[in-house]
Protein chains: 2
Amino acid sequence: MLMHNPPHPGEVLKELCIEPLGLTVTEAAKGLGVSRKTLSTILNGKSGISPEMAVRLSIAFNTSSESWLNQQSQYDLWQAEQHRKELHVTQLSAA
Amino acid sequence: MLMHNPPHPGEVLKELCIEPLGLTVTEAAKGLGVSRKTLSTILNGKSGISPEMAVRLSIAFNTSSESWLNQQSQYDLWQAEQHRKELHVTQLSAA
DNA sequence: CAGACCGTAACCTATAACGTAACGGGTGTC
DNA sequence: GACACCCGTTACGTTATAGGTTACGGTCTG
């Protein structure tokens with residue numbers, strides 16, 4: 001359904017929250033209550049945004065947790081859709 | 001943000017897809033290309049809907065993969081929000 | 001009763017999010 | 001120049017979970 005590769009949420013987080021506020025990874029991680037490494041791997045696209053992390057981000061940056069987790073879902077889904085043809089699934093619905 | 005406990009996606013899957021079509025777990029699992037156990041644990045709320053499973057469901061039942069994964073996200077997020085107060089996070093945004 | 005089918009439970013594996021600790025690169029300051 | 005300090009990243013171990021394989025108890029039907 002999605003037309004093109006959505007950006008990794010960590011990239012968005014960096015560009016929209018961390019950099020504009022001039023925050024370091026260390027400062028932001030401290031505020032979020034996670035380790036520097038946990039935040040670092042997210043910002044570098046090495047790991048995704050967990051539901052709990054989405055809530056943390058919503059508190060720290062006064063945003064909605066939904067938006068963060070939805071971004072992650074869109075990203076994950078696009079990855080999965082790339083292999084749509086490889087999973088042999090048969091139609092089950094009446095339509 | 002969400003006001004009340006969203007249903008587990010497996011419950012929705014059972015009520016909206018499996019039961020209306022009179023499918024058994026075995027039949028549906030075969031069509032989806034997964035083991036009976038994998039589908040069974042989802043229907044019983046023991047495991048969630050993965051991105052790949054969302055794509056499988058979208059093919060088998062001619063629906064959108066987004067809707068399935070979003071349901072799962074809403075469910076996971078509600079669980080995480082219940083512990084919002086326990087994660088000590090400090091405000092970082094200017095607002 | 002024997003066999004076939006159903007759903008679930010037990011066991012194992014792979015992946016991934018997380019913390020701790022260590023590392024390498026800057027930027028000082030004495 | 002040597003030391004201290006902060007930064008971001010990497011290495012390693014832990015834990016949680018989606019998934020397959022197999023085995024079990026239940027219900028049919030021949």
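Residue numbers start from 1 in every chain, and the chains themselves are labelled A, B, ... in the order their sequence lines are given, proteins ahead of strands.
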Worked verdict on B/K30 versus B/E27 for salt bridge (charged side-chain N to carboxylate O under 4.0 Å, His left out): CA-CA 5 Å; B/K30 184 161 193 167; B/E27 288 166 340; over 6 Å; no
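- Contact annotation: A/N44 side-chain N/O to D/dT9 OP1/OP2 distance is under 4.0 Å.
- Within 4.0 Å of B/S35, counting heavy atoms only, lies at least one base atom of the nucleic acid.
- Distances from the side chain of B/S40 to the nucleotides C/dT8, C/dA22, C/dC6 place C/dT8 closest.
- Nearest-nucleotide assignment on DNA chain C puts the 5′-proximal partner with B/T24, out of B/T24 and A/R36.
- The A/K46 side chain lies nearest to D/dT10 when the options are D/dG8, D/dT10, C/dA9.
- Spacing between atom CD of B/E52 and atom P of C/dT15 amounts to 12 Å, rounded to whole angstrom units.
- In this structure, A/L87 places its CG atom 16 Å from C1' of D/dG20, rounding to the nearest Å.
- Residue B/S47 places its side chain closer to D/dA18 than to any other of D/dC7, D/dA18, C/dC18.
- OP1 or OP2 of D/dG19 lies within a sub-4.0 Å distance of a side-chain N or O belonging to B/S50.
- Under the 4.5 Å side-chain criterion, counting only non-hydrogen atoms from C-beta, A/S58 is in contact with B/R84.
- Look at CD on B/E27: it is 13 Å from C1' on C/dG7, rounded to the nearest Å.
- In this structure, the NZ atom of B/K37 is 19 Å from the P atom of C/dC6, given to the nearest Å.
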Which is it for A/E11 and A/I42 under the side-chain contact (heavy atoms from CB on, under 4.5 Å) test, yes or no, and what are the steps along the way? CA-CA 8 Å; A/E11 198 177 326; A/I42 291 175; over 6 Å; no
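- Regarding B/L39, its CG atom lies at a distance of 14 Å from the C1' atom of D/dG20, rounded to whole Å.
- Using a 4.0 Å cut-off, some side-chain N or O of A/T38 falls inside it from OP1 or OP2 of C/dG19.
- In this structure, CG of A/L43 is placed 16 Å from C1' of D/dT10, rounded to the nearest angstrom.
- Between A/I42 atom CD1 and C/dA16 atom P the separation is 14 Å, expressed in whole Å.
- We find that NE2 of A/H8 is positioned 12 Å from C1' of C/dA16, with the value rounded to whole Å.
- Between A/S35 and A/A29, the shortest heavy-atom distance links the atoms O-CB, 3.7 Å.
- The shortest distance between side-chain heavy atoms of B/Q71 and B/P6 does not fall below 4.5 Å.
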